[in-house]
Amino acid sequence: MAQEAKFKLINYKLRGTLTEYLVRLHDADGEVIDYHITDYYNEDVNEITSTKIWELSNRIHDVKNDSRLGIKILGFITSEHFYRNDVLESMYVKEQYELGREDRLNKINDSLSSFMKINTDNPDDGSYKGR
């Protein structure tokens, strides 16, 4: 009977504008593989600007963040490490706020544009216009 694959957070270190994680995977075939993950932050350390995942084996090679394995590793780290989860949540809220603000500004601009069009296209809009 095959066992379920399991991740374990072995260690993490906060180092200025980066955080390094060591994660161990016990896969369904019983193989044990270690991964080194690095989150790179902006200078204010409030946004993750980039993330790299490397498999640590006989040869070190990178794992794509958007691959099935990469998504599982990053999801595991996010659920296990409080700070990464908080930063990602804050980045999401900021993005949603900015999208909402942009939508509100677009609606205001559209309203102003249509208002200006109504007033300039109507020859009998009640304005003096030099008559």
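Positions are given from 1, in the same order as the sequence printed here. Note that the structure is a prediction, hence the values are computed from the model and not measured.
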What I'd like to find out is whether the side chain of [X] reaches to under 4.5 Å of the side chain of [Y], using heavy atoms alone.
X	Y	value
Glu31	His26	no
Trp54	Val63	no
Leu25	Tyr35	yes
Thr38	Tyr40	yes

Requested in this report: Please step through side-chain contact (heavy atoms from CB on, under 4.5 Å) for the pair Glu20 and Ile37, ending with a clear verdict.
Outcome: CA-CA 6 Å; Glu20 297 176 302; Ile37 301 93; over 6 Å; no
Requested in this report: Report yes if the distance between the aromatic ring centroids of Tyr21 and His36 is under 6.0 Å, otherwise no.
Outcome: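 No: the rings miss the under 6.0 Å criterion.
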Query - Side chains of Thr49 and Asn42, donor plus acceptor under 3.5 Å - result: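 No donor-acceptor contact under 3.5 Å links the two side chains.
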Query raised in the report: Quick one: side chain to side chain donor-acceptor pair (under 3.5 Å) pairs with a partner in residues 67-79, sequence neighbours left out?
Result: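 Listed by first then second residue: Thr78-Arg84.
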Requested in this report: Could you tell me whether Glu80 and Lys8 make a salt bridge, using a distance below 4.0 angstrom between a side-chain N and a carboxylate O?
Outcome: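 No.
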In terms of hydrophobic clustering (I, L, V, M, F, W, Y; side-chain heavy atoms under 4.5 Å; direct or indirect links), are [X] and [Y] co-clustered?
X	Y	value
Ile10	Leu69	no
Leu88	Val45	yes
Leu14	Phe82	no
Ile53	Leu22	no
Leu74	Ile33	yes

Report task. Answer yes or no: are there more than 12 heavy-atom neighbours, outside Tyr12 itself, under 6.0 Å from its atom OH? Result ->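 Open: at most 12 neighbouring heavy atoms sit under 6.0 Å from OH of Tyr12.
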I need the [X] [atom1] to [Y] [atom2] distance, nearest 0.5 Å.
X	Y	atom1	atom2	value
Glu47	Asp39	CD	CG	13.0 Å
Gln96	Met91	CD	CE	12.5 Å
Lys52	Leu18	NZ	CG	13.5 Å

Query raised in the report: Backbone N or O of Asp29 within a donor-acceptor pair of the Asp27 side chain at under 3.5 Å?
Result: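 Yes: the side chain of Asp27 pairs with the backbone of Asp29.
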Report task. Could you give me the CA-CA distance, side-chain angles and deciding distance for Thr19 and Tyr41, then say whether side-chain contact (heavy atoms from CB on, under 4.5 Å) is met? Result -> CA-CA 8 Å; Thr19 302; Tyr41 291 83; 3.3 Å; yes
